[in-house]
Amino acid sequence: MRTHWILLLALFVFAACQQPKQYVSNEGFIYGTVYHVTYESEGGKDLQPEIEAVMNELNQSMSTFDSTSTISKVNRNEPTTLDPYFLTVFKRAQEISTITEGAFDMTVAPMVNVWGFGFKNKEQVTPELIDSLLALTGYQKVHIENGQLVKEHPNTMLDASAIAKGFACDLVADFLQQQGCENFMVEIGGEVVAHGQNAKGNAWSIGISNPNDHEFFTQQKLKAIVSLTDRALATSGNYRNFYVEDGVKYAHTIDPKTGYPVQHSLLSTTVLANDCMTADAFATSFMVSGLEKSIEIANQVDEIDVYFIYSDENGDYQTYVSPGFKKLLKKEYE
């Protein structure tokens, strides 16, 4: 009889340990955009409050829309302790600025603002105004010294919008792994980290939008689908954020070297990397650099793979796909 009860107890414990995990999906609004997180959770536990706490913690460091954040205090030249998030983002940003020869530059903030894409109201843009802002811009004009940000010019300001959402994805992914989640997908405003498998036991399928101004706000057709696991992906494109004034289209990607919105054939840049902060920053920098320079840089950086959509001389869409990215393409559409 005792052996019988021991056997039943063992079977009960084994069954409890083998309970299938459930996938939970959360969505919400953060950083001025929408986020989606899907994860395998034991017992179907909902981690949304904790996930949002992680994202809000980064807001307190890197949000230029929060007057109490670390970056806002830095921009106002107020003495402040640089928190670990700020230091991590700034260090990686400076590294990518060097690699891209300044195409990525956190000090572009004043120019983004005057064109109406930043955290201040749009201004009347003149060549004289742009020249004055160029004197403040340049990643070489800021550095960390004794735990403080040192500026060559007190009016230099930082903007982390082209790297912080990617870093937020990394932070949420780290949190989920700490909770024992082995399978998850984190997406914030188009930046993605995927790990393990989806609920069907397959790699996560991530779509790349067709870079059409009108389709993005209506049916938003896809240009390609990527099979993603254990990597990060970020897409940047001027079809996402722009305005038309006096018949001229002004895109949100500002060239730090000229102070003007970029005008070239590259329409969309998608970057695969081991972390989303890196993918996010490179995707933005490639939109600044243009097609030929971006291909050159991408071929020199072993840790990334790229998918570029550009317009040829006839106005037709063409793509450049790196060999590593091509291996992960599930489908491409005309």
Problem - Flag for Gln177-Tyr39: side-chain donor and acceptor within less than 3.5 Å - result: no
Fill in the blank from the handout: Of all heavy-atom pairs linking Thr100 and Ser285, the shortest is CG2-OG, 3.4 Å
Practice task
Examine Tyr320 together with Tyr310 and report whether their ring centres are nearer than 6.0 Å.
Solution key: no
Fill in the blank from the handout: Value for OG (Ser97) from OH (Tyr139), rounded to nearest 0.5 Å, stands at 6.5 Å
Exercise for the section: Please step through side-chain contact (heavy atoms from CB on, under 4.5 Å) for the pair Thr107 and Leu136, ending with a clear verdict. Expected result: CA-CA 8 Å; Thr107 69; Leu136 312 178; over 6 Å; no
Practice task
Answer with yes or no whether the side chains of Asn198 and Asn183 bring together a donor and an acceptor at under 3.5 Å.
Solution key: no
Exercise for the section: Please determine, by modelled atom types, if Asp275 and Thr278 share a side-chain donor-acceptor pair under 3.5 angstrom. Expected result: yes
Exercise for the section: Hey, can you tell me if His195 and Phe184 have their rings parallel, tilted or perpendicular (30° and 60° cut-offs)? Expected result: parallel
Exercise for the section: Please determine, by modelled atom types, if Ser205 and Lys330 share a side-chain donor-acceptor pair under 3.5 angstrom. Expected result: yes
Handout entry: Phe90 side chain reached by Leu158 side chain, heavy atoms, under 4.5 Å
Key = yes
Fill in the blank from the handout: Exactly one candidate in Leu272, Val271, Thr269, Asn299 meets side-chain contact (heavy atoms from CB on, under 4.5 Å) with Val306; the answer is Val271
Practice task
Sequence neighbours left out, what pairs pass salt bridge (Lys or Arg N to Asp or Glu O under 4.0 Å) with at least one residue falling in residues 80-100?
Solution key: Arg92-Glu95, Arg92-Glu303
Problem - Contact summary for Phe104 and Ala281, nearest pair of heavy atoms - result: CD1-O, 3.5 Å
Practice task
Give a yes or no on whether a salt bridge exists between Asp305 and Arg231, defined as a side-chain N under 4.0 angstrom from a carboxylate O.
Solution key: yes
Completion exercise
Closest non-hydrogen contact found for Ala173 with Val193 is CB-CG1, 3.8 Å
Practice task
Would you please say whether a donor-acceptor pair under 3.5 Å links the side chains of Ser25 and Thr38?
Solution key: yes
Practice task
For this output row, return yes or no: ring centroids of Tyr35 and Phe29 closer than 6.0 angstrom.
Solution key: no
Problem - For Ala93 against Met106, the heavy-atom pair lying closest together - result: CB-SD, 3.4 Å
Problem - Distance in Å, Glu27 CD paired with Ile188 CD1, rounded so as to fall on 0.5 Å steps - result: 13.5 Å
Handout entry: Any donor-acceptor N or O pair under 3.5 Å, side chains Gln318, Asp312
Key = yes
Problem - salt bridge (Lys or Arg N to Asp or Glu O under 4.0 Å) partners of residues 52-73, not counting sequence neighbours, each pair once - result: none
Exercise for the section: Enter the distance from Lys165:NZ to Asp280:CG here, rounded to the nearest 0.5 Å. Expected result: 6.0 Å
